[in-house]
Amino acid sequence: MTTPKAKSSAPQETPATGSLSERAQRRTAQTALPYLQGLNEAQTEAVLTTEGPVLVLAGAGTGKTRVLTTRIGHILSHGKARPNEILAVTFTNKATREMKNRIGQMIGEAVEGMPWLGTFHAIGVKILRRHAELAGLKSNFTILDMDDSLRLMKQLIKAENIDEKRWPPRRLSSLIDGWKNRGLTPDKVPNGEAFSFADGRGKDLYAAYQKRLKELNAVDFGDLLLEMNRLFLENPDLLKQYHSRFKYILVDEYQDTNIAQYIWLRLIAQGTGNICCVGDDDQAIYGWRGAEVDNILRFEKDFPGAKTIRLERNYRSTGHILAAASSLITHNQERLGKTLHTDDGLGEKLTLKCLWDDAEEARNIGDEIEALQTKKHALNEIAILVRASFQMRAFEDRFVTLGLPYRVIGGPRFYERLEIKDACAYFDVALNPSNDLKFERIINTPKRGLATATLEVLHHHARARSISLYEAAQELVETEELRPKPRGSLRALLNKFDEWRRDIETMPHTELAERILDDSGYTQMWQQDKSPQAQTRLENLKELIRYMGEFENLAGFMEHVSLVMDADANSDGDRVNIMTLHAAKGLEFDTVFLPGWEEGLFPHQRSLDEEGRAGLEEERRLGYVGITRAKKQAHISFTQNRRVHGNWQSPLPSRFIDELPASHVDIKEEESNYGGYVSSRYDNMSMNYSKTNYTRQPTTKTQKQSPAGKTIEGTVISSRTSGPTTSYEVGERIFHQKFGYGSILSITGDKLSIAFEKSGNKNVLASFVERH
DNA sequence: TTGTTACTATTTTTT
DNA sequence: ATAGTAACAA
């Protein structure tokens with residue numbers, strides 16, 4: 001991913017650190033240790049400084065992963081620790097895989113022996129399973145995904161007679177998630193915050209939710225960390241055990257750690273104190289899900305005697321790209337500060353383009369890509385990075401019509417698909433009948449006549465006797481409580497589960513899985529479905545079974561599904577990559593397109609509203625991440641019109657555009673498909689955005705009388721162009737290409753607020769309308 | 001109990 | 001514009 005091309009000129013220009021003797025030792029080490037070949041001084045230092053706390057500030061494209069893996073290789077090959085004595089934590093499975101591969105290439109067989117290389121969550125599961133009893137769980141506890149936990153919360157909200165409309169389960173979910181990220185158990189939730197849901201019942205709901213999880217022998221994502229922390233805090237002996245086990249600790253993407261993870265790391269690091277955190281405060285983009293940039297900013301205080309090593313030599317991008325990114329990020333105040341530099345050439349400038357709307361943006365980028373394609377540019381080396389996933393659609397539409405192959409990264413994940421979840425629910429229940437949430441999911445899928453009414457009865461019975469739904473079902477089919485029809489089909493279902501369970505030990509698991517899907521009627525359900533997606537769903541199910549074959553048994557497979565699985569079907573071939581800026585972190589491409597740089601979208605309005613300046617800075621870091629993904633070319637664009645929630649708006653260009661240094665950016669004109677019309681309008685626009693000053697962007701409320709006599713309130717973001725630049729007058733009737741006829745409500749600079757006869761009120765640039 | 005229709009609220013990023 | 005939900009009819 002972030003491999004710097006192995007440069008033949010081994011010793012780098014990086015300012016040397018340490019005493020002369022240290023430097024001399026390092027130099028000798030470089031010739032003695034072949035794996036240090038090609039590392040620059042700072043990188044070498046980061047690899048060799050194995051003892052004590054170390055913070056490696058690794059800027060974008062500075063060979064972070066390489067340092068991390070080489071460091072592990074170094075520790076292993078020097079016999080400083082055995083593979084199972086190194087704790088290496090990452091955030092994503094992708095990163096874990098990457099690291100495993102790299103270490104494998106370096107050391108060979110050692111990878112098998114690195115059981116403690118994984119994501120925070122995966123390691124959490126591992127530790128929790130070992131000591132489940134201490135956490136009040138059975139070691140076969142299930143891990144709830146978002147779906148399950150949401151369903152559970154919904155049940156609780158209903159049970160409390162709280163209005164679902166006013167207090168949506170989603171909100172409770174994110175609230176509890178936030179608490180868990182901060183390491184707060186129900187009793188520790190500050191009272192003030194507890195009131196932020198359902199008039200003060202938030203805290204109780206949280207407690208009830210946790211209680212219910214225990215009853216179900218289940219944990220959710222947040223618990224994996226929270227419970228692990230509790231385990232260690234309540235059992236100091238156990239913690240000591242792990243202290244002596246983990247000789248070296250490595251943490252990737254430290255800037256993304258949340259408080260719970262931070263607490264955990266501090267607990268674990270109390271052992272040897274050999275903790276090495278790698279991160280980049282300029283790439284902290286997960287604040288919204290609880291990540292604390294502060295963790296990395298505070299590192300030196302938290303770990304006294306910590307050594308900070310900066311990696312600033314960039315091996316990825318050209319000079320222009322690096323300069324633009326650096327300049328953008330200097331607008332942030334809260335940063336440790338790094339100066340990236342490169343020895344490579346300036347390369348090509350970034351390009352900037354203004355387009356009419358998202359469709360034209362997609363058309364334009366599509367054309368650019370086709371042009372690149374004829375120049376033999378690999379599609380795999382092209383990426384479109386968007387702020388929000390809804391932007392992807394325009395590109396997908398366009399690429400489909402062009403016949404341009406693409407892949408969406410980080411879209412709906414494989415295991416999140418309906419059919420995969422359903423299938424897994426069947427497998428789950430077969431393995432563990434007391435998994436109520438999964439049982440509930442499939443009890444009436446496919447339709448068996450076991451809907452709300454029957455489920456209600458089951459719930460009551462289960463609650464009353466405090467048994468699982470499945471057990472309740474078993475008891476109820478023996479009684480007269482259910483009507484004959486549902487009773488019959490319920491019995492049939494239970495019998496099938498009995499059969500399947502009988503075969504778990506004897507039958508090969510893939511065969512059993514197939515049988516479950518067939519016998520249950522699930523396969524048939526999709527075969528009979530004539531919707532266009534039904535076929536892909538069936539194929540996905542086949543893929544699931546195929547993937548399952550790579551595991552030893554059903555249980556082993558299911559463990560992976562909840563945490564690890566992200567097999568992507570169309571990852572092969574030469575394709576353009578489409579993804580969000582978030583998903584792009586850690587990746588690199590020759591050419592990167594950055595569409596949609598508009599106020600409100602990027603920076604996103606919500607970040608601005610909810611997080612204020614901190615939010616803005618995080619958005620800016622997102623922009624920094626985006627630009628630094630590019631190795632050779634970066635193309636930024638923005639549109640003048642975009643639909644938001646179904647209606648059209650005319651956003652201003654993103655303030656980030658004006659934070660780019662003009663000397664590194666080329667302003668491109670759109671190839672004019674419409675004769676001179678486009679370019680003349682464009683001139684107008686480019687003047688407008690380069691002069692706009694955003695430091696105190698006014699948002700003015702305008703109140704005007706519409707012709708119909710009603711008061712219309714609209715929010716007009718005024719541009720700073722001085723004086724009216726148009727000759728239009730309020731009340732004038734005009735025509736607009738897209739919106740049709742309308743009359744002018746107000747004029748702000750060259751922006752018109754118009755009441756359209758058919759499409760409502762819009763703000764439009766004067767150059768887009770004509771008199772009528 | 002199921003399927004339909006109408007309405008409503010919801011639109012960022014996700015381990 | 002869309003999805004998800006609630007109310008209603010068959």
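These values consider heavy atoms only, across backbone and side chains, with no hydrogens, waters or symmetry-generated copies. Chain A is the first sequence line, chain B the second, and so forth, proteins listed ahead of strands; every chain is numbered from 1.
For A:T257 and B:dT15, the shortest distance from a side-chain N or O to OP1 or OP2 is not below 4.0 Å. Remark: A:R393 is in phosphate contact with C:dT2, judged by side-chain N or O atoms under 4.0 Å from OP1 or OP2. In this structure, A:R289 does not reach the B:dT13 phosphate: none of its side-chain N or O atoms is under 4.0 Å from OP1 or OP2. OP1 or OP2 of B:dT2 sits under 4.0 Å from a side-chain N or O of A:N444. Within the structure, every side-chain polar atom (N or O) of A:S607 is placed at least 4.0 Å from both OP1 and OP2 of B:dT13.
When ring centroids are compared, A:H582 and A:Y286 come within the 6.0 Å threshold. The distance between the ring centers of A:W264 and A:Y262 does not fall below 6.0 angstrom. For A:Y406 and A:F395, the gap between ring centers reaches or exceeds 6.0 Å.
Distance A:I143 CD1 to B:dT15 P: 15 Å, rounded to the nearest Å. Atom CE in A:M146 sits roughly 12 Å away from atom C1' in B:dT13 (whole-Å rounding). Regarding A:N93, its CG atom lies at a distance of 14 Å from the P atom of B:dT14, rounded to whole Å. Protein atom CD of A:E611 is 16 Å distant from nucleotide atom P of B:dT13, rounded to whole Å. Here the P atom of nucleotide B:dT13 and the CG atom of A:L616 are 19 Å apart, to the nearest Å. Rounded to an integer number of Å, the gap from CG of A:D358 to C1' of C:dA1 is 13 Å. Atom CH2 in A:W648 sits about 10 Å away from atom P in C:dA1, given to the nearest Å. Whole-Å rounding puts the A:M392 CE to B:dT12 P distance at 13 Å.
Listed nucleotides C:dA1, B:dT15, B:dT14 differ in distance to A:Y286; the shortest reach to its side chain belongs to B:dT14. The side chain of A:T454 lies closest to B:dT1, out of B:dG3, B:dT15, B:dT1. Here B:dT11 is the nucleotide among B:dT1, C:dA1, B:dT11 with the atom lying nearest to any side-chain atom of A:R606. Checking B:dT12, C:dA1, B:dG3 against the side-chain heavy atoms of A:K447 singles out B:dG3 as nearest. Comparing B:dT12, B:dT1, C:dA1 by their closest approach to the side chain of A:R387 singles out B:dT12.
The only option from A:R417, A:K438, A:R441 that meets the salt bridge (charged side-chain N to carboxylate O under 4.0 Å, His left out) definition with A:D422 turns out to be A:R441.
Between A:N258 and A:T452, it is A:T452 whose nearest contact on DNA chain B lies nearer the 5' terminus. Judged by closest nucleotide on DNA chain B, A:A451 is the one of A:A451 and A:E618 placed further toward the 5' end.
Looking at A:W288, its side chain has no donor and acceptor atom pair within 3.5 Å of the base of B:dT12. Taking only distance into account, the side chain of A:H121 meets the base of B:dT15 through a donor-acceptor pair shorter than 3.5 Å.
Panel note: side chain A:N229, backbone A:A260; a donor-acceptor pair is recorded below 3.5 Å.
Residues meeting the ring pair (Phe, Tyr, Trp, His ring centres under 6.0 Å) test with A:Y209, sequence neighbours left out: none.
Looking at A:E619 and A:S607, their side chains do bring a donor and an acceptor atom within 3.5 Å of each other. For the 3.5 Å distance criterion, the side chains of A:Q155 and A:E440 qualify, holding a donor opposite an acceptor. Judged by distance alone, the side chains of A:Q255 and A:D281 never bring a donor and an acceptor atom under 3.5 Å apart.
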Assign a letter to each nucleotide of nucleotides 3-10 of chain C from its 5' end: B, base within under 4.0 Å of a protein heavy atom; S, sugar-phosphate only; -, no contact.
-> --SS----
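Among the protein residues, A:A583 comes within range of no part of the nucleic acid, since none of its heavy atoms lies under 4.0 Å from any strand.
Taking a centre distance below 5.5 Å and an interplanar angle below 30 degrees as the stacking criterion, A:H604 stacks against the six-membered base ring of B:dT12.
With P as the reference atom, B:dT13 and C:dG4 are 15 Å apart, rounded to whole Å.
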